[in-house]
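Lettering follows sequence order; numbering is per chain, from 1. Model, not experiment: these values are computed from the prediction.
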Amino acid sequence: MGLDLRDPLSPAPAYSRTITIMAETCDFAAFERKWQRAWEEAKAFEASEDPSKPKFYLLEMYPYPSGRIHMGHVRNYSIGDVIARQKIMAGFDVLHPIGWDALGMPAENAAIKHGTHPRDWTLGNVAHMRTQLKRMGISYDWSREVNTCLPEYYKWNQWIFLRLLERGLAFRKDSWVNWCSPCRTVLANEQVVGGGCWRCETPVIQKKMEQWFLKITDYADELLTGHAALAKWPEHVLQMQKNWIGRSEGAHVHFPLEGASRTIEVFTTRLDTICGATFLVVSAEHPVVAELIAGPRENELRPWVERTVAEMRRRRDVGETEKDGRDTGRKAVNPFTGELVPIWIANYVLMDYGTGAIMGVPAHDARDFEFAKTYGIAIRTVIAPPGAPGPFDGEPTEVFEDPGTLVNSGPFSGLPSAEAMDKMGLHAESKGIGRRSTTFRLRDWGISRQRYWGTPIPVVYCDACGIVGVPDRDLPVELPLDVKLTGEEGSPLERHEGFVRAACPKCGGPARRETDTMDTFVDSSWYFFRYCSPREEALPFRPEAARHWLPVDLYIGGVEHAILHLIYSRFFTKALRDLGLTEVSEPFPHYLAQGMVTKDGSAMSKSKGNIVDPDEILTKYGADTLRLFILFASPPDREFAWSEDGLEGCYRFLLRVWAAVHDNLDLFAGGPDDPAAADPAGPGSRLLRKTHQTIRKVTEDISVRFHLNTAISSVMELCNMIKKERDPLRETAAGRAALRHALVSVIRLLSPFTPHLAEELWERAGRTGLLMRSAWPAFDPALAREETATVVVQVNGKLRDKFETAPGTPEAELETAALALPKVQAALGGKVPRKIIAVKDKLVNIVA
RNA sequence: GCCGGUGUGGCGGAACUGGCAGACGCGCUGGACUCAAAAUCCAGUCCGGGGCAACUCGGGUGUGGGUUCGAUUCCCUCCACCGGCACCA
């Protein structure tokens, strides 16, 4: 070989080879466009819903149309494309859709800044990004494209909302909510990350507002138990969701208030420690506080309570603060011991978890211990550590939080913790003083947003009828386009008279329209259903279409949505199931969490200034090189480090493939590739075997392990062998057949990764019809089988020699052969083997 | 603090079920081609020692231990980094 590999982006040189073949310039730019057009004309990627084929629904997270695609998108969509294309060739009916998560604040902020309309800004971005994705050659079924900012999409957000409203799963609540000042809107708990806004990182403050919520907590238990069906999710994502849902088993117990008819209810996960409850603490925000402080000390306590409440609201979500409390002077009865215990108000008890009140068991809870030490409250041991001698009547000097054996607990003394919790729960239930129960950390999903560019919440407020849902026939409630976006406080919709003023659908009287819009995570919670029947006009999606396609067979996307989108979507799917629209309970049984794209050690970001723009790379190298590199440099679920040198290496590899095919172009003149013409025992046998081993490896790496990087390296290995063995092989007919078969296999195996180059070489090798329409290569296990096995010989575990043998040679023969090796004898140095371990086709280890 | 993940050459990474550590690529070194450079091609490249040499000896997968004939792989300890949760009773 010795082909001239010119820079394909320089003008085509009139260059001829002196050997046998005309060198054609490898013009990526030209043939990438050519094949993109050919696929489009052939509708090669439109899902057929052909019942004779097995279906495969492959989904990648749809992008927010921010303006341009970034490397994270390139990676996500390149990974998906390899799998989609391989599945298509393997005979599946593949649904591989794309759309736009097109509502949201950036559009509105851009509009305020640049005086454009969010709609124009968004649609402009969509148009640009669509051409970028097409330039990447991703195998999307563009006929199913959805765009959430169009009324034809968000109409169905409203429809679903109304169904949830009818079932009480959407409700209005006046509560403290997370407020982000720069974004001028409320945020859901999931959207507060480390105390700050998930978008702009500004610390959120608490505001009391009446808001719309979706009752995700109704599904808390199922969201957790559903994990059993998610065996193909990464462990850490399940763990994150588990933490987020925060299920705790325990008991609710009533402590009667002394001198009153009411009780204070607490939640505990350690009912076994209740006899050690020497005080009660209520959150400073607890409604009972007003009653507790009423009386002579009110003037003393009220200012402290007010200060503490203000402090707690400001500090919410920012870690531990010093414990501070006040004794109310009031007492409650411990229902298990009958003792009177003091009631304290403190800053360390959260109002929105459990009941907002706890029993203080200082001997067995570190926080209560700290509090009791500070304020001199009695501490009593009720759980003995295993094997501890006792007695347990004095005050302990440290906390013991593990389970143990009950002491000082009346009739329950002597029981182990687990058993005591059961018995004491039953006791509480029979006496009517409490019940065993489960509590969750998960909160209902606040979906109201005080911004313009979102789905209008379809309700009106009528003085006579109250909250009234907009009737289905009046959907969509369209977002008015004639609004003034000024960036002032309050929703622009509030100031839009024509929008706000409405007639009550019930009584016809004057009514006011809801001006909040929906969280955009509502849109993405069901978009994968819409893809199944994207132009459906009677329902959000056709149930039969959903039945055909759902669940999504493989979902690919970044892990940053582990407890946002991925938990909301699971909730929506269950809610839609309960509405009778689908039968699936889990939308994504298989989730592949793609790793981050980094450069110089940190994630690509504007603030770090380490962004590489895919457009630049596409212009310089083309789509195939970019795709290949981003898939080759690391496995999909790991971090990916950008490197221009590595990219260059992939580019060179593709030129070598181009050269290898052109250098042997004469072999393809004789008709189709026929592996039978290659002789498994003849001159091309090594290459033939390597070819079939490579087909096997690439097939498995793509479809079983998703190790796309090793799939690519195995094709590289095959290319290296082709190059090395080319000249002698061309001497014989069998050799030429093996060479041709290997080259054709390289083209076909590369097609999911570098589809344009593969199509181009397929055509140049004389094949007719699209490579995409041809079948995925099958491997012949007989041809892939090694004809010899290498047996390594160790002496005392150290490698000393190796030899070749026929596969399946019995262990006894291997032992004899190994002992006969001179190097082995030398290593033994006359010592007599004590033991010999032989493993068929693998090794002999001689222990002396 | 609790939970989860990761740790392998100069770099990205490979080794699938406990059996040849470092595939493939980058980078680097030397050579060919060239007036020269680039590109391309060929050869080498875990570390250390010995040999003119085909070679040979020793060490080596974050640390320390364990199980095993044999450990990157299984178990325990510790360390580092990344991520989640965090006064959740």
Could you give the distance separating B:G62 and B:C82 at their C1' atoms, to the nearest angstrom?
15 Å
Are the aromatic ring centres of A:F629 and A:F640 under 6.0 angstrom apart?
yes
Does B:U45 pair with anything, Watson-Crick or G-U wobble, both distances under 3.5 Å, and if so, with which nucleotide?
B:G27
Given the side-chain rings of A:H252 and A:F267, with only the six-membered ring counted for Trp, is the space between their centroids under 6.0 Å?
yes
Using a strict 4.0 Å threshold on nitrogen-to-oxygen distance, state whether A:R689 and A:E786 make a salt bridge.
yes
Toward the 5' end of RNA chain B, by each residue's nearest nucleotide, A:F267 or A:E235
A:E235
Whole-Å C1' distance, B:G83 and B:C74
26 Å
Specify the residues of residues 841-848 of chain A, ordered by number, for which at least one heavy atom lies under 4.0 angstrom from an atom of RNA chain B.
A:K842, A:L843, A:N845, A:V847
Under 4.0 Å from OP1 or OP2 of B:C69: is there any side-chain N or O of A:K835 that close?
yes
Contact under 4.0 Å: A:K723 side-chain N or O vs B:C41 OP1/OP2
yes
If the threshold is 4.0 Å, N to carboxylate O, is there a salt bridge linking A:E644 and A:K620?
yes
B:U77 and B:C55, which share atom name C1', separated by this distance in whole Å
42 Å
Sugar-phosphate atoms are those with a prime plus P, OP1 and OP2; base atoms are the rest. Using that split, label each nucleotide of nucleotides 21-27 of chain B B, S or - for protein heavy atoms under 4.0 Å, 5' to 3'.
--BBSSS
What is the base-pairing partner of B:U61, counting Watson-Crick and G-U wobble geometry with both distances under 3.5 Å?
none
Work out how far the P atom of B:U34 is from that of B:U61, and round it to whole angstrom.
48 Å
Note: A:D365-A:R270 ion pair, threshold 4.0 Å (strictly below):
no
When we call it a touch if two heavy atoms are under 4.0 Å apart, what does A:P635 touch: a base, just sugar-phosphate, or nothing?
sugar-phosphate
So does A:R705 get a side-chain nitrogen or oxygen closer than 4.0 Å to the phosphate oxygens (OP1/OP2) of B:A15?
yes
Watson-Crick or G-U counterpart of B:G1, or none if no pair lies under 3.5 Å
B:C85
Using the C1' atom in both, what is the distance from B:U67 to B:G13, to the nearest Å?
30 Å
Closest nucleotide of RNA chain B for A:I837 versus for A:T268: which of these residues is on the 5' side?
A:I837
With both distances under 3.5 Å as the test, what is the Watson-Crick or G-U wobble partner of B:G18?
none
What is the nucleic acid contact for A:V349, judged by heavy atoms within less than 4.0 Å: base, sugar-phosphate only, or nothing?
base
Per the O4'-C1'-N9-C4 / O4'-C1'-N1-C2 angle with a 90° window around 0, B:G9 comes out syn
Looking only at the side chains, is there a donor atom on one of A:N243 and A:R441 sitting less than 3.5 Å from an acceptor on the other?
no
When the P atoms of B:C47 and B:C42 are considered, how many whole Å apart are they?
23 Å
Within the 4.0 Å heavy-atom criterion, would you say A:R638 contacts the bases, only the backbone, or no part of the nucleic acid?
sugar-phosphate
Counting only Watson-Crick pairs (N1-N3 plus N6-O4 or O6-N4) and G-U wobbles (N1-O2, O6-N3), all under 3.5 Å, who is the partner of B:U40?
B:A32
State, without any angle test, whether A:R785 and A:Q693 hold a side-chain donor-acceptor pair at a distance under 3.5 Å.
no
Within the structure shown, what part of the strands sits under 4.0 Å from A:A633 by heavy-atom distance: base, sugar-phosphate, or nothing?
sugar-phosphate
Can you find a heavy atom in the side chain of A:E190 that is under 4.5 Å from one in the side chain of A:L442?
yes
Classify the nucleic acid contact of A:R247 as base, sugar-phosphate or nothing, counting any heavy atom under 4.0 Å across all strands shown.
nothing
Across the strands shown, which category fits A:K840 at heavy-atom distances under 4.0 angstrom: base, sugar-phosphate, nothing?
nothing
Do you see a donor-acceptor pair shorter than 3.5 Å between the side chains of A:Y353 and A:S248?
yes
Do the two ring centres, one from A:F371 and one from A:Y348, sit under 6.0 Å apart?
yes
